[in-house]
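Just so we're clear, the structure is a prediction, and the values are computed from it rather than from any experiment.
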Amino acid sequence: MQSETILVSEAEGLTTLTLNRPDKLNSFTAEMNLALRLALSEARERDACRAILLTGAGRAFSAGQDLADPAVSADGDLGETIEEYYNPLIRLMRTVEKPIVCAVNGVAAGAGANIALACDIVLAAQSAKFIQAFSKIGLIPDSGGTWTLTRHLGEARAKALAMTAAPLSAQQAADWGLIWRAVADGALMAEAQALAIQLAQGPTFGLGLTKHAIQAAGEHGLSAQLDLERDLQSQAGKSPDYAEGVAAFTEKRPPRFTGKA
């Protein structure tokens, strides 16, 4: 399904996905949700894609779900909407084996905030804000919001942000460990692109294994995590990137990673 709601560009091993409903603050419709999932799935399968950068067009990252979309009509079952659209998207983002960098260029509210926070590394413009806007219309945080906030911020802060819908500044989000960095507005895209290209040129097979291991850590005890590290390190150690990394170190030259298993 081709859709103008998601713009796709590729350069230097990096696939950039841009939410493209700027007149609606990039709020999600069913079409846009499905288009993003398709773009992520296609990027996942392309060998030429080594990393993914997600951002928004215009002055917002995403205001969340478009409440005018028939998919969220007041007489419908919102649980079905989540199960059909948002849960598959978040699960896909968490299992894509390639690094996903997010550049939050403006407000990220509701599901828009939680989609951003599902990315692997999040940078945000200093002017950006994260808002768990759900309580304003009598709903609970979805798209992994209750999980992400609680895991990264603890119960007290998670409850306060969710219940009050108080805006969280980019700098505060960084200070609290919710995102990687807050950067000057004018520097956001350059810094995000440089980081994503750096990752794309790195040992992306091993980076994918690292993503898997870190995400699993919250569910495992130490013994189970040690076993997982052993198994994943075995895979990494058999990869061409490991051989290239050792050769480059020995020969005192920059490595030429391919990201292949």
Side-chain angles (χ1 to χ4, degrees), residues 3 5-6 17 19-38 40 54-95 100 102 104-119 122 124 127-170 172-173 176-179 215 218-219:
S3 172
T5 62
I6 302 294
L17 306 180
L19 309 180
N20 188 42
R21 298 185 73 223
D23 56 322
K24 301 293 185 182
L25 300 181
N26 299 321
S27 57
F28 274 82
T29 60
E31 175 188 343
M32 184 168 161
N33 195 304
L34 293 174
L36 179 56
R37 281 165 55 191
L38 177 61
L40 283 166
L54 178 63
T55 192
R59 60 191 178 92
F61 175 74
S62 173
Q65 172 65 43
D66 186 340
L67 297 179
D69 184 16
V72 294
S73 60
D75 57 352
D77 185 339
L78 294 184
E80 293 180 359
T81 300
I82 291 171
E83 185 63 19
E84 184 172 358
Y85 297 107
Y86 289 99
N87 286 357
L89 174 60
I90 300 301
R91 289 186 175 113
L92 174 61
M93 294 174 70
R94 296 284 291 181
T95 55
I100 303 177
C102 186
V104 180
N105 53 301
V107 68
N114 296 330
I115 288 168
L117 296 174
C119 296
V122 183
S127 63
K129 289 181 172 56
F130 296 85
I131 309 173
Q132 297 294 323
F134 303 91
S135 65
K136 292 184 176 181
I137 54 173
L139 298 179
I140 72 161
D142 58 33
S143 304
T146 59
W147 186 88
T148 301
L149 292 176
T150 306
R151 182 172 184 175
H152 293 300
L153 302 181
E155 186 174 312
R157 285 173 172 166
K159 283 180 178 176
L161 288 172
M163 291 181 178
T164 67
L168 184 67
S169 71
Q172 189 69 75
W176 284 1
L178 187 62
I179 67 171
Q215 289 177 174
E219 315 301 324

Student: To the closest 0.5 Å, what do you measure between CG (N114) and CH2 (W147)?
Tutor: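 Here the interatomic distance stands at 11.5 Å.
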Student: Give me each pair satisfying side chain to side chain donor-acceptor pair (under 3.5 Å) with a member in residues 80-91, each pair once, sequence neighbours excluded.
Tutor: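 Those involving residues 80-91 are Q65-Y86, E83-N87.
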Student: Under a 3.5 Å distance rule, please check whether T95 uses its side chain to pair with a backbone N or O of L92 as donor and acceptor.
Tutor: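 At least one qualifying donor-acceptor pair exists.
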Student: So do L38 and I6 actually touch side chain to side chain, heavy atoms under 4.5 Å?
Tutor: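 I6 does not reach L38 side chain to side chain.
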Student: On a heavy-atom basis, which atom in F134 and which in G110 lie closest, and how many Å separate them?
Tutor: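 The pair with the smallest heavy-atom distance is CZ-C, 3.3 Å.
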Student: Under 4.5 Å between any side-chain heavy atoms of R21 and S27, yes or no?
Tutor: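 They are in contact (side-chain heavy atoms under 4.5 Å apart), so the answer is yes.
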Student: Could you go through L54 and L40, starting from their C-alpha distance and side-chain angles, then the distance that decides it, and tell me whether this counts as side chain to side chain contact (heavy atoms under 4.5 Å, CB included)?
Tutor: CA-CA 10 Å; L54 178 63; L40 283 166; over 6 Å; no
Student: Checking N26 side chain against A60 main chain: does a donor-acceptor pair fall under 3.5 Å?
Tutor: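 Side chain of N26 to backbone of A60, a donor-acceptor pair under 3.5 Å: yes, one is there.
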Student: Is there side-chain contact between I137 and L67, with heavy atoms separated by less than 4.5 Å?
Tutor: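 Sidechains of L67 and I137: in contact.
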Student: Assess whether side chain to side chain contact (heavy atoms under 4.5 Å, CB included) is satisfied between L19 and I115, documenting all intermediate values.
Tutor: CA-CA 12 Å; L19 309 180; I115 288 168; 6.0 Å; no
Student: Considering all heavy atoms of both residues, which atom of A30 and which atom of D69 are nearest to each other, and what is their separation?
Tutor: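 That closest heavy-atom pairing would be N-OD2, 2.9 Å.
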Student: How far apart are the closest heavy atoms of A162 and P141, and which atoms are they?
Tutor: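 That would be CB-CG, 3.7 Å.
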Student: Can C119 and M93 be said to form a side chain to side chain contact (heavy atoms under 4.5 Å, CB included), step by step?
Tutor: CA-CA 7 Å; C119 296; M93 294 174 70; 3.5 Å; yes
Student: Using every non-hydrogen atom in the two residues, find where A35 and S3 come nearest and quote the distance to one decimal.
Tutor: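 That would be CB-CB, 3.7 Å.
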Student: Could you give the distance from CD1 (I140) to CD (Q132), rounded to the nearest 0.5 Å?
Tutor: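 If I round to the nearest 0.5 Å, the distance is 11.0 Å.
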Student: Where do A124 and A128 come nearest, in terms of heavy atoms and distance?
Tutor: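 Taking every non-hydrogen atom into account, CB-CB, 4.2 Å.
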Student: In this structure, are over 12 heavy atoms from other groups packed under 6.0 Å from R59 atom CZ?
Tutor: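 Not buried by this count: 12 neighbours or fewer within 6.0 Å.
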Student: Is any side-chain heavy atom of N105 less than 4.5 Å from a side-chain heavy atom of F61?
Tutor: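 Yes - at least one pair of side-chain heavy atoms lies under 4.5 Å apart.
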Student: Would you call R37 and L34 a side-chain contact if the rule is heavy atoms closer than 4.5 Å?
Tutor: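 Side chain of R37 against side chain of L34, heavy atoms only: contact under 4.5 Å found.
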Student: Tell me, with the steps shown, if T5 and F28 meet side chain to side chain contact (heavy atoms under 4.5 Å, CB included).
Tutor: CA-CA 9 Å; T5 62; F28 274 82; over 6 Å; no
